[in-house]
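What follows is a set of notes on a single structure, which appears directly below.
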Amino acid sequence: MAEIDLMDKLVSLCKRRGFVFQSSEIYGGTGSVWDYGPLGVELKRAIKDAWWKAMVLERDDIEGLDAAILMHPRVWEASGHVEGFTDPLVECRECRRRFRADLPELEGGRCPVCGTPDAFGEPRLFNLMFKTFMGPVEDAASQVYLRPETAQGIYVNFLNVQTASRQKIPFGIAQIGKAFRNEITPGNFIFRTREFEQAEMQYFVEPGTDEEWFEYWKEARFQWHLSLGIRREKLRFHEHTPQELAHYAKKAVDIEYEFPFGWKEFEGIHNRTDFDLSRHQEYSGKRLEYIDAPANKRFIPYVIETSVGVDRTLLVVLADAYREEMVEGEERVVLSLKPALAPIKVAVFPLVKKDGLPEIAERIHKELRAAAVSSFYDDSGSIGRRYRRQDEAGTPWCVTVDGQTHQDGTVTIRDRDTLQQVRVPAEGVLKWVRERLA
Ligand code: GAP
């Protein structure tokens, strides 16, 4: 399968099966904004839950936070985003299309849309933050920004969280939330969009221990991606060159995935030093030092940040799980999602719509639902078609109630990946599934 083809196939599967829709599609769509449908919202939630579990619930040293998207405008002056969160932009003198000046397609100076040679002048810097107004008056004094990263909500709450939780350094604060960037050239489906979600954690450490913690988090985050079932050979690190480093970072490493359109970042681990807290201390006039009473020390902590895009992770998970296979002379499309991530865990079918089989199937389906195991009941079409539909949705197990159920009380459970079927007592289905989800 050509790699570029794979992207088209994924986009089409996402729409067909209700993972991702184009935003405002009936109006022709909005530029690079996407909506998550019934299966997409479950997959996204499962990814966020897995992150929250690993980063907050399973740890004593990390606290959660949910800060607002709108913040005091001075935050973005202090953080350096008003001045420095820019991309170089060029405009074609003929068709007036605008591009990020560093796009490889622009090499040689020819416009990739209208073909005009020597189409571009000097790049100008374009700030990526969305602006809006707070309150009824639209003037400079009421201008606010939609946050371009969730991290600043953590920095301004650093002392609030530390005081309330009585955490001692080293400790972290984690949050998941929307971020907005007015990207000049968004694209590649949900890879680069203007509205997206980030899962970020800021780990506050004593200066001098930052390099050690950087290595710790780099490794921990790589392991987390493996725990989602992503293939090891499709993941790699990329260390930023001095030219690539963001304005706040002393050192940065990306975790990259080999997407159908090449190796690209989907998580960044950054050593942000004391840059952000020092700047907020300076701009707010409030002390943001940590007091280490037993050691009789006070200092502004250094920060190791882990920042992963939720939407990009979802694209990684889908691209990594997508397979086309021949099964008994027929092609099938299957999403080999890790069961814990699958939007539907179990599909329940009566083999035929008679002889009391639907009633037994519905009973199993309801029992699963009541236990919060997402289950889908389907009695329409041939059994083969019903399996195919669930393969495409990534459902790990299909339960079929058939004639033998009346004789010995068992049903079949078919495994999505191995296609093997086992017979299990109908009352034992929930237990069987739970054991495999644990
Ligand atoms: N707080 C640090 C920060 O925001 P970043 O490398 O700019 O660092 C972190 O972004 C992650 O956020 C990226 O690795 C990516 O997964 C996600 N991200 C950034 N811009 C995005 C966009 N326009 N669309 C989708 N995801 C994006």
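We count ligands from 1, going down the list as the structure has it; atoms in each ligand are counted the same way. FYI, the numbering just counts along the sequence from 1.
Residue-level contacts of ligand 1 at the 4.0 Å heavy-atom threshold are E149, R181, E183, F191, R192, T193, F196, Q198, E200, Y248, E265, F266, E267, H270, R272, E305, S307, G309, R312.
Salt-bridge check for K297 with E206: passed, with a basic side-chain N closer than 4.0 Å to an acidic carboxylate O. The pair D378-R389 meets the salt-bridge criterion, with a side-chain N (NZ, NE, NH1 or NH2) lying under 4.0 Å from an Asp/Glu carboxylate O. We find that E197 and K48 are joined by a salt bridge, their nearest charged nitrogen and carboxylate oxygen being less than 4.0 Å apart. Ion pairing of E258 with K234 is present here, as a side-chain N (NZ or NE/NH1/NH2) and a carboxylate O approach within less than 4.0 Å. Under 4.0 Å is where a charged nitrogen must lie from a carboxylate oxygen, and between E91 and R96 at least one such pair does.
For W397 (side chain) and V433 (main-chain N/O), no donor-acceptor pair under 3.5 Å exists by modelled atom type.
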